[in-house]
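The next block holds one structure in the form of structure tokens; read it before the comments.
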2 protein chains.
Amino acid sequence: MPTMTAAQRREQARAEYDAFIKGCPTNQLLDRLSDKWVSLVVAALSTGPMRYSDLSRKIAGVSPKMLTQTLRSLERDGILTRTVTPSVPVRVDYALTPLGSSLAGLLTAVKAWAETHIEEVHEARERYDGTTD
Amino acid sequence: MPTMTAAQRREQARAEYDAFIKGCPTNQLLDRLSDKWVSLVVAALSTGPMRYSDLSRKIAGVSPKMLTQTLRSLERDGILTRTVTPSVPVRVDYALTPLGSSLAGLLTAVKAWAETHIEEVHEARERYDGTTD
DNA sequence: CGGAATCCGACCAGATACTG
DNA sequence: CAGTATCTGGTCGGATTCCG
């Protein structure tokens with residue numbers, strides 16, 4: 001009696017999909033890139049190591065919480081390293097790993113694409129928005 | 001007296017940052033890519049045009065709402081085209097534009113990077129998670 | 001079949017305040 | 001200086017329902 005079968009089928013499809021995602025490297029990476037702060041942090045560090053407060057200042061709009069959270073996940077993924085120097089005021093430096101650098105290279109490629117094609121996108125948008133005819 | 005100056009400074013930094021974002025093509029593009037369904041739709045269409053229900057089936061975990069929403073924004077951005085065939089049951093086909101195809105190419109590059117380096121990420125994660133010492 | 005509208009819950013993200 | 005903890009609210013995403 002398929003009374004709530006619809007929901008169950010959805011759920012099952014979701015589970016399968018989820019399992020599929022787990023084994024899919026692309027999606028995991030995409031998950032990282034989809035974090036808006038990730039790209040900014042990586043970009044900021046691509047010119048060299050920075051301290052926590054430097055990052056906080058350079059990125060500006062970020063809250064301490066999000067910055068820490070982002071740095072943590074990137075550190076966990078081996079994208080960057082966290083170095084604590086126990087001086088009188090504690091000093092923490094963040095730097096890209098080789099892996100992180102290659103990711104930065106990828107982001108550069110994305111950026112290049114964006115700058116090349118953004119115009120077309122804008123035109124398409126105006127065309128779509130001015131849906132006069 | 002700086003009682004609430006902290007909040008105001010945050011707000012101002014946020015405004016500047018926001019303005020910066022507006023003019024930044026990279027970020028606009030990143031916004032698109034950060035939508036988890038976008039990549040899946042583009043990937044699905046990269047092998048050829050598909051109907052709405054085909055996409056719905058192929059992507060599996062997506063709800064009608066999100067699928068439509070994703071397709072709309074992609075259509076608006078000129079990434080894909082929407083073709084309605086007014087037969088008895090309405091038929092709608094979606095296909096990538098040349099712009100969309102080039103985006104698909106970019107996603108392929110990202111995918112390649114992911115598959116190349118995912119192993120390192122996994123190792124880094126296990127090393128980080130097994131925080132024994 | 002293809003889609004729109006509504007409702008609602010879950011999660012994410014920010015602000016604030018406090019600690020080492 | 002470099003975080004952490006908590007609360008809160010806004011947005012996203014899903015389920016449901018109904019229309020062309």
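Treat the numbers as computed from the prediction; the structure is a model and nothing was measured. Naming convention: chains lettered A, B, ... in sequence-line order (proteins, then strands); numbering from 1 in each chain.
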Discussion item. At less than 4.0 Å, is any side-chain N or O atom of A/W37 found next to OP1 or OP2 of C/dG14? Yes or no.
Written reply: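 So the side chain of A/W37 is within the cut-off, an N or O lying under 4.0 Å from OP1 or OP2 of C/dG14.
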Practice prompt. Check whether any side-chain N or O of B/R51 sits under 4.0 Å from OP1 or OP2 of C/dC1, and answer yes or no.
Written response: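 It does not, given that no N or O in the side chain of B/R51 lies less than 4.0 Å from OP1 or OP2 of C/dC1.
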Without decimals, in angstroms, what is the distance between [X] [atom1] and [N] [atom2]?
X: B/R91; N: C/dC1; atom1: CZ; atom2: P; answer: 12 Å
X: B/D35; N: D/dC12; atom1: CG; atom2: C1'; answer: 10 Å
X: A/D93; N: D/dA2; atom1: CG; atom2: C1'; answer: 12 Å
X: B/I59; N: D/dG14; atom1: CD1; atom2: P; answer: 12 Å
X: A/L71; N: D/dT4; atom1: CG; atom2: P; answer: 10 Å
X: A/R72; N: D/dA2; atom1: CZ; atom2: P; answer: 13 Å
X: B/Q69; N: D/dT11; atom1: CD; atom2: C1'; answer: 11 Å

Test item: [X] and [Y] side chains (from C-beta on) under 4.5 Å apart, heavy atoms:
X: B/R82; Y: B/Y94; value: yes
X: B/V41; Y: B/L80; value: yes
X: B/R91; Y: B/D93; value: yes
X: B/T85; Y: B/V90; value: no
X: B/L55; Y: B/R57; value: no

Acceptor/donor pairs from residues 108-115 of chain A side chains to any protein atom, 3.5 angstrom cut, sequence neighbours excluded:
| residue | atom | partner | partner atom | Å |
| --- | --- | --- | --- | --- |
| A/T108 | OG1 | A/A104 | O | 2.9 |
| A/W113 | NE1 | A/H117 | NE2 | 3.4 |
| A/W113 | NE1 | B/S102 | OG | 3.2 |

Among [options], which is the nearest nucleotide to the side chain of [X]?
X: B/K65; options: C/dA15, D/dT4, D/dG14; answer: D/dG14
X: B/Y52; options: D/dC1, C/dG3, D/dG3; answer: C/dG3
X: A/Y94; options: D/dG3, D/dC7, C/dG3; answer: D/dG3
X: A/K36; options: C/dG3, C/dG14, D/dT4; answer: C/dG14

Worksheet item: Hey, which of these two, B/V90 or A/R82, hits DNA chain D nearer its 5' end, going by closest nucleotide?
Response: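 Taking each residue's closest nucleotide, the earlier one in sequence belongs to A/R82.
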Fill in: 5'-most by nearest nucleotide on DNA chain D - B/M66 or A/S53
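Counting from the 5' end, the first nearest nucleotide belongs to A/S53.
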Worksheet item: Would a distance-only check, ignoring hydrogens and angles, find a side-chain to backbone donor-acceptor pair under 3.5 Å from B/D35 to B/W37?
Response: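 Yes, B/D35 side chain to B/W37 backbone: donor-acceptor pair under 3.5 Å.
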Worksheet item: Using the C1' atoms of five pairs at each end, what's the angle between the two axes of the helix from C/dC1-D/dG20 to C/dG20-D/dC1, to 10 degrees?
Response: 40°
